[in-house]
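Accompanying notes for the structure given below.
None of the values given here were measured: they were computed from a predicted structure. In this chain, residues are counted from 1 in sequence order.
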Amino acid sequence: MITLNPPLKKDSLKGLKAGEWVSITGVLYTARDQTHRRIVELMEKGETLPIDLTGAILYYVGPTPTPPDRICGAVGPTTSYRMDAYTPKILELGVLALMGKGKRSPLTKEALKQHGAIYLATLGGAGAYLSEKVKAMELVAFADLGPEALYKMEVEDFPAIVINDLEGNDYYETVLSGK
(Lines give C-alpha, C1' and ligand atoms only; values in the text may rest on other atoms or scores of the structure.)
Protein backbone atom coordinates (compact mmCIF):
# COMPACT_ATOMS: atom_id res chain seq x y z
CA MET A 1 0.00 0.00 0.00
CA ILE A 2 1.31 3.43 -0.94
CA THR A 3 1.35 6.21 1.63
CA LEU A 4 0.33 9.71 0.58
CA ASN A 5 1.68 12.58 2.68
CA PRO A 6 -0.21 15.79 1.85
CA PRO A 7 0.40 18.44 0.77
CA LEU A 8 0.89 16.40 -2.37
CA LYS A 9 3.19 16.99 -5.30
CA LYS A 10 2.09 15.99 -8.79
CA ASP A 11 4.97 13.52 -8.96
CA SER A 12 3.61 11.68 -5.91
CA LEU A 13 0.48 10.74 -7.90
CA LYS A 14 2.29 9.27 -10.89
CA GLY A 15 2.04 5.52 -10.98
CA LEU A 16 -1.08 5.33 -8.81
CA LYS A 17 -3.62 3.09 -10.49
CA ALA A 18 -7.40 3.00 -10.20
CA GLY A 19 -8.27 0.25 -7.73
CA GLU A 20 -5.09 0.66 -5.68
CA TRP A 21 -5.38 1.19 -1.90
CA VAL A 22 -3.51 4.11 -0.35
CA SER A 23 -2.90 5.22 3.21
CA ILE A 24 -2.92 8.93 4.01
CA THR A 25 -0.79 10.44 6.76
CA GLY A 26 -0.79 14.22 6.96
CA VAL A 27 -3.34 17.00 6.57
CA LEU A 28 -6.78 16.71 4.97
CA TYR A 29 -9.17 19.61 4.53
CA THR A 30 -12.88 18.93 4.90
CA ALA A 31 -15.28 20.52 2.47
CA ARG A 32 -18.88 19.77 1.68
CA ASP A 33 -21.42 21.44 -0.57
CA GLN A 34 -21.71 24.81 1.18
CA THR A 35 -17.96 25.21 1.65
CA HIS A 36 -17.47 24.52 -2.05
CA ARG A 37 -20.10 27.12 -2.90
CA ARG A 38 -18.42 29.74 -0.69
CA ILE A 39 -14.94 29.07 -2.05
CA VAL A 40 -16.15 29.37 -5.64
CA GLU A 41 -18.02 32.60 -4.79
CA LEU A 42 -14.83 34.06 -3.29
CA MET A 43 -12.89 33.04 -6.40
CA GLU A 44 -15.45 34.67 -8.71
CA LYS A 45 -15.31 37.89 -6.67
CA GLY A 46 -11.50 37.86 -6.76
CA GLU A 47 -11.34 37.78 -2.97
CA THR A 48 -8.69 36.12 -0.84
CA LEU A 49 -9.34 32.52 0.14
CA PRO A 50 -9.04 31.47 3.79
CA ILE A 51 -6.20 29.03 3.01
CA ASP A 52 -3.86 27.94 0.24
CA LEU A 53 -5.13 24.62 -1.11
CA THR A 54 -2.13 23.87 -3.32
CA GLY A 55 -1.41 20.14 -3.10
CA ALA A 56 -4.33 19.56 -0.75
CA ILE A 57 -6.61 16.58 -0.39
CA LEU A 58 -10.22 17.74 0.04
CA TYR A 59 -12.33 15.27 1.98
CA TYR A 60 -16.08 15.47 1.49
CA VAL A 61 -17.23 15.03 5.06
CA GLY A 62 -19.31 16.78 7.70
CA PRO A 63 -18.01 15.56 11.06
CA THR A 64 -20.66 14.64 13.61
CA PRO A 65 -20.56 16.36 17.04
CA THR A 66 -17.46 15.53 19.05
CA PRO A 67 -18.10 13.19 21.99
CA PRO A 68 -16.35 13.97 25.31
CA ASP A 69 -12.67 12.97 25.37
CA ARG A 70 -12.53 12.51 21.58
CA ILE A 71 -10.84 14.52 18.85
CA CYS A 72 -13.88 14.39 16.59
CA GLY A 73 -17.13 12.59 15.95
CA ALA A 74 -17.74 10.19 13.09
CA VAL A 75 -16.10 11.28 9.83
CA GLY A 76 -17.69 9.15 7.13
CA PRO A 77 -17.61 10.33 3.50
CA THR A 78 -20.37 12.29 1.82
CA THR A 79 -21.70 11.40 -1.64
CA SER A 80 -19.28 13.07 -4.02
CA TYR A 81 -21.41 13.88 -7.06
CA ARG A 82 -22.98 16.74 -5.08
CA MET A 83 -19.66 18.60 -5.42
CA ASP A 84 -19.34 17.98 -9.18
CA ALA A 85 -20.69 21.40 -10.18
CA TYR A 86 -17.88 23.11 -8.23
CA THR A 87 -15.04 20.67 -8.86
CA PRO A 88 -13.50 22.20 -12.02
CA LYS A 89 -13.13 25.60 -10.25
CA ILE A 90 -11.83 23.99 -7.05
CA LEU A 91 -9.16 22.12 -9.02
CA GLU A 92 -7.92 25.47 -10.40
CA LEU A 93 -6.67 26.15 -6.84
CA GLY A 94 -4.08 23.37 -7.10
CA VAL A 95 -6.02 20.75 -5.16
CA LEU A 96 -4.53 17.41 -6.20
CA ALA A 97 -6.90 14.88 -4.65
CA LEU A 98 -10.57 14.72 -3.77
CA MET A 99 -12.05 12.09 -1.48
CA GLY A 100 -15.62 10.99 -0.79
CA LYS A 101 -17.80 8.15 -1.94
CA GLY A 102 -19.54 7.27 -5.19
CA LYS A 103 -19.14 8.02 -8.88
CA ARG A 104 -18.17 11.34 -10.47
CA SER A 105 -19.62 13.02 -13.54
CA PRO A 106 -17.87 12.94 -16.93
CA LEU A 107 -17.18 16.70 -16.50
CA THR A 108 -15.44 16.08 -13.18
CA LYS A 109 -13.41 13.19 -14.55
CA GLU A 110 -12.24 15.37 -17.42
CA ALA A 111 -11.32 18.17 -15.00
CA LEU A 112 -9.31 15.71 -12.91
CA LYS A 113 -7.28 14.71 -15.98
CA GLN A 114 -6.84 18.32 -17.07
CA HIS A 115 -5.46 19.37 -13.67
CA GLY A 116 -3.42 16.23 -12.93
CA ALA A 117 -5.54 15.31 -9.91
CA ILE A 118 -7.05 12.07 -8.64
CA TYR A 119 -10.27 11.02 -6.94
CA LEU A 120 -10.24 8.73 -3.91
CA ALA A 121 -13.03 6.95 -2.10
CA THR A 122 -13.00 5.91 1.51
CA LEU A 123 -15.18 3.65 3.61
CA GLY A 124 -18.85 4.63 3.62
CA GLY A 125 -20.66 3.62 6.80
CA ALA A 126 -17.42 3.48 8.77
CA GLY A 127 -17.28 7.02 10.14
CA ALA A 128 -16.54 5.88 13.71
CA TYR A 129 -13.62 3.76 12.50
CA LEU A 130 -12.30 6.61 10.35
CA SER A 131 -12.50 9.01 13.32
CA GLU A 132 -9.84 6.90 15.06
CA LYS A 133 -7.45 7.90 12.26
CA VAL A 134 -7.88 11.61 13.07
CA LYS A 135 -5.10 12.88 15.36
CA ALA A 136 -6.07 16.57 15.43
CA MET A 137 -8.83 18.75 14.02
CA GLU A 138 -9.31 22.51 13.89
CA LEU A 139 -11.78 24.89 12.33
CA VAL A 140 -10.25 26.92 9.48
CA ALA A 141 -13.15 28.93 8.02
CA PHE A 142 -16.91 29.32 7.60
CA ALA A 143 -17.82 28.47 11.22
CA ASP A 144 -21.44 29.41 10.56
CA LEU A 145 -21.76 26.33 8.34
CA GLY A 146 -21.43 24.00 11.35
CA PRO A 147 -20.40 20.51 10.22
CA GLU A 148 -20.07 21.80 6.65
CA ALA A 149 -17.40 24.32 7.66
CA LEU A 150 -13.82 24.07 6.43
CA TYR A 151 -11.75 22.01 8.90
CA LYS A 152 -8.11 20.95 8.93
CA MET A 153 -7.71 17.32 9.99
CA GLU A 154 -4.39 15.67 10.73
CA VAL A 155 -4.73 11.98 9.99
CA GLU A 156 -2.57 8.89 10.31
CA ASP A 157 -2.99 5.73 8.23
CA PHE A 158 -6.29 6.96 6.80
CA PRO A 159 -7.48 4.36 4.23
CA ALA A 160 -8.68 5.18 0.73
CA ILE A 161 -8.83 3.61 -2.71
CA VAL A 162 -7.95 5.32 -5.99
CA ILE A 163 -11.10 5.56 -8.10
CA ASN A 164 -9.94 7.93 -10.87
CA ASP A 165 -6.23 7.95 -11.64
CA LEU A 166 -4.14 10.38 -13.69
CA GLU A 167 -4.64 8.32 -16.83
CA GLY A 168 -8.42 8.67 -16.69
CA ASN A 169 -9.08 5.13 -15.50
CA ASP A 170 -12.21 4.65 -13.39
CA TYR A 171 -12.21 1.80 -10.88
CA TYR A 172 -16.02 1.67 -10.72
CA GLU A 173 -16.25 1.26 -14.51
CA THR A 174 -13.58 -1.44 -14.43
CA VAL A 175 -15.46 -3.42 -11.80
CA LEU A 176 -18.80 -3.04 -13.58
CA SER A 177 -17.31 -4.15 -16.89
CA GLY A 178 -15.92 -7.30 -15.27
CA LYS A 179 -12.42 -6.68 -16.66
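Interatomic distance, L91 CG to K113 NZ, rounded to the nearest 0.5 Å: 14.0 Å. The distance from the CD1 atom of I118 to the CG atom of N169 is 12.5 Å, given to the nearest 0.5 Å. The distance from atom CD1 of I51 to atom OG1 of T54, rounded to the nearest 0.5 Å, is 10.0 Å. Atom NZ of K133 sits about 11.5 Å away from atom CD1 of I24, to the nearest 0.5 Å. Between the OG atom of S80 and the CZ atom of R32 there is a distance of 11.0 Å, given to the nearest 0.5 Å. If you take CE on M83 and CG on D33, they are separated by 5.0 Å, rounding to the nearest 0.5 Å.
Applying the salt bridge (Lys or Arg N to Asp or Glu O under 4.0 Å) test to E110 and every residue at least two apart in sequence or in another chain returns nothing. Take R70 and apply the salt bridge (Lys or Arg N to Asp or Glu O under 4.0 Å) test, not counting sequence neighbours, and it matches no residue. Legend: residues meeting salt bridge (Lys or Arg N to Asp or Glu O under 4.0 Å) with K103, ordered by chain and number and at least two apart, are absent.
Looking at P159 and L123, their side chains come closer than 4.5 Å, going by heavy atoms from C-beta outward. Using a 4.5 Å heavy-atom threshold, the side chains of L53 and P7 count as separate. Counting heavy atoms from C-beta on, the side chains of V61 and P77 never come closer than 4.5 Å. Contact of the F142 side chain with the P50 side chain is registered, since non-hydrogen atoms from C-beta on lie closer than 4.5 Å. Side-chain contact check for R104 versus I163: every heavy-atom pair is 4.5 Å or farther apart. With contacts defined as side-chain heavy-atom distances shorter than 4.5 Å, the pair I90/I39 qualifies.
Cluster annotation: L42 and L150 are assigned to the same hydrophobic cluster (Ile/Leu/Val/Met/Phe/Trp/Tyr, side-chain heavy-atom contacts under 4.5 Å, transitive). Note: the hydrophobic cluster containing M1 also contains I57 (ILVMFWY, side chain heavy atoms under 4.5 Å, direct or indirect links). Note on V155 and I2: same hydrophobic cluster, where clusters join Ile, Leu, Val, Met, Phe, Trp and Tyr whose side-chain heavy atoms are under 4.5 Å apart, directly or indirectly. By the criterion of side-chain heavy atoms lying less than 4.5 angstrom apart, applied directly or through intervening Ile, Leu, Val, Met, Phe, Trp or Tyr residues, L49 is grouped together with L98 in one hydrophobic cluster. In the hydrophobic cluster analysis, where Ile, Leu, Val, Met, Phe, Trp and Tyr join through side-chain heavy atoms closer than 4.5 angstrom, Y129 is grouped together with L28.
A salt bridge is defined here as a Lys NZ or Arg NE, NH1 or NH2 lying under 4.0 Å from an Asp or Glu carboxylate O, and E41 with R37 meets this definition.
Nearest heavy-atom pair, L120 versus A97, reported as atom, atom and distance to 0.1 Å: CD1-CB, 4.3 Å. Residues A149 and T35 approach most closely at C-OG1, 3.6 Å, considering heavy atoms. P67 and G73 make their closest contact through CD-CA, 3.8 Å (heavy atoms, listed as atom of the first residue, atom of the second, distance). Minimum interatomic distance between P63 and V75 (heavy atoms only, all atoms of both residues): CB-CG1, 4.0 Å. The shortest heavy-atom contact between L8 and L96 is O-CD1, 3.5 Å. When all heavy atoms of A85 and P88 are compared, the pair lying nearest together is O-CD, 4.2 Å.
Other residues, nucleotides and ligands place no more than 12 heavy atoms under 6.0 Å from the OH atom of Y171.
Residue pairs satisfying the ring pair (Phe, Tyr, Trp, His ring centres under 6.0 Å) criterion with at least one member in residues 38-66, sequence neighbours excluded, are listed as follows: H36-Y60, Y59-F158. Residue pairs meeting the side chain to side chain donor-acceptor pair (under 3.5 Å) criterion with at least one partner in residues 138-160, sequence neighbours excluded, are R38-D144.
Looking only at distances, no side-chain donor or acceptor of K101 sits under 3.5 Å from a matching main-chain atom of G76. The closest donor-acceptor contact from the side chain of N164 to the backbone of Y119 lies at 3.5 Å or more, if one exists at all. The main-chain N or O of N5 is never found under 3.5 Å from a side-chain atom of T25 such that the two would form a donor-acceptor pair.
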Throw together a table of side-chain donor-acceptor distances under 3.5 angstrom for residues 12-22, partners on residues two or more places apart or in other chains.
unit_1	atom_1	unit_2	atom_2	d
S12	OG	K9	N	3.4
S12	OG	K9	O	2.5
K14	NZ	D11	OD1	3.2
K17	NZ	E167	OE1	3.4
K17	NZ	E167	OE2	2.9
E20	OE1	K17	N	3.0

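Under 3.5 Å, the side chains of T108 and D84 contain a donor-acceptor pair of N or O atoms.
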